[in-house]
Amino acid sequence: MNQWKQNKKLRWLTLVSILWIVVIFSFSLQSGDESGKLSGGIVAWVVSLFFPEDFAHIELVHFLVRKAAHFTEYFILGGLLSLTIREAKWNRVMLTPWVMGTIVACCDETIQLFSEGRAGQITDVMIDSSGVLTGCVVLALIVMILSRKHSQ
């Protein structure tokens, strides 16, 4: 507890991680229509950019945009949780944030069960969990590269 009081960086990282989880949950609280409008705007942009003449791929693009959004928001969470765990100097720097992020993903998909027009999916939990793990790995690689540069 003394570390918590003395370490301002740890308090900020914890706050930012919690706020990011709130952002994730707020997306899940959107109705199916609201969520569809949000991703629909991105899909329209992607389709016009890559398929200006052929809109036959819109369903595939919509699917890929939604899954990429899942992966990306959890990739960010993985990085934030890894930074927080690293700053707290806990052991298992990779395992702990991955488990925590996967628990958040399970809660996130459960929230969607209670949002109108939405459905929780185990495949989304797997995508989310992969995003968290990738965020943890990328952060670990960045830390390793930076520590090698500083030791030279």
Side-chain angles (χ1 to χ4, degrees), residues 1 3-51 57-146:
M1 191 62 169
Q3 179 186 11
W4 176 257
K5 290 180 182 179
Q6 293 177 348
N7 192 334
K8 187 176 182 179
K9 186 176 178 183
L10 176 59
R11 289 194 312 265
W12 276 107
L13 285 168
T14 302
L15 177 63
V16 171
S17 296
I18 291 169
L19 288 175
W20 189 250
I21 292 169
V22 169
V23 167
I24 290 171
F25 287 172
S26 71
F27 284 131
S28 292
L29 289 169
Q30 292 178 333
S31 70
D33 288 340
E34 291 171 322
S35 178
K37 286 178 187 174
L38 181 63
S39 61
I42 297 168
V43 168
W45 176 77
V46 170
V47 167
S48 68
L49 187 65
F50 293 106
F51 309 106
H57 303 293
I58 198 158
E59 290 297 322
L60 174 63
V61 173
H62 195 263
F63 174 80
L64 293 175
V65 163
R66 293 183 75 85
K67 299 312 171 190
H70 271 272
F71 184 87
T72 303
E73 65 187 2
Y74 280 90
F75 174 88
I76 294 167
L77 181 62
L80 288 170
L81 291 173
S82 289
L83 284 171
T84 304
I85 298 304
R86 184 174 299 281
E87 186 63 29
K89 298 185 179 21
W90 289 2
N91 292 332
R92 313 237 187 254
V93 173
M94 196 88 72
L95 181 64
T96 302
W98 177 65
V99 169
M100 291 170 73
T102 301
I103 290 169
V104 170
C106 291
C107 294
D108 182 36
E109 291 303 310
T110 302
I111 288 170
Q112 288 185 34
L113 294 174
F114 300 100
S115 298
E116 181 183 335
R118 303 289 297 269
Q121 298 180 340
I122 192 71
T123 54
D124 285 349
V125 172
M126 294 186 315
I127 291 168
D128 300 343
S129 182
S130 298
V132 172
L133 183 60
T134 305
C136 294
V137 169
V138 167
L139 183 78
L141 290 172
I142 290 170
V143 167
M144 185 178 69
I145 291 167
L146 291 176

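In what follows, every heavy atom counts, from backbone to side chain, and hydrogens, waters and symmetry copies are set aside.
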Using 0.5 Å steps for rounding, measure from the [atom1] atom of [X] to the [atom2] atom of [Y].
| X | Y | atom1 | atom2 | value |
| --- | --- | --- | --- | --- |
| R118 | F27 | CZ | CZ | 10.0 Å |
| S129 | I122 | OG | CD1 | 9.5 Å |
| W12 | L83 | CH2 | CG | 15.5 Å |
| E109 | D128 | CD | CG | 6.0 Å |
| Y74 | I24 | OH | CD1 | 4.5 Å |
| L80 | I85 | CG | CD1 | 11.5 Å |

Minimal non-hydrogen separation, [X] against [Y], with atom names:
| X | Y | result |
| --- | --- | --- |
| G120 | Q112 | N-CB, 4.1 Å |
| L139 | S82 | CD2-CB, 3.2 Å |
| P97 | V132 | O-CG1, 3.5 Å |
| L133 | W98 | CB-CD1, 3.5 Å |

Checklist entry - Tell me, do K89 and R86 make a side-chain contact under 4.5 Å, heavy atoms counted? => result no
Item to check | Side chain to side chain, V104 and F25, heavy atoms closer than 4.5 Å | outcome: yes
Checklist entry - For F63, does the CZ atom sit with more than 12 other heavy atoms under 6.0 Å from it, leaving out its own atoms? => result no
Which residues pass the side chain to side chain contact (heavy atoms under 4.5 Å, CB included) test with [X], not counting sequence neighbours?
| X | result |
| --- | --- |
| L141 | V137, M144 |
| T84 | L10, L13, T14, S17 |
| S26 | none |
| L64 | L60 |

Checklist entry - Tell me the salt bridge (charged side-chain N to carboxylate O under 4.0 Å, His left out) pairs involving residues 60-69, sequence neighbours left out? => result K67-D124
Checklist outcome for this item: Sorted by chain and residue number, the side-chain hydrogen bond (donor to acceptor under 3.5 Å, both in side chains) partners of S130 (sequence neighbours excluded) come out as none
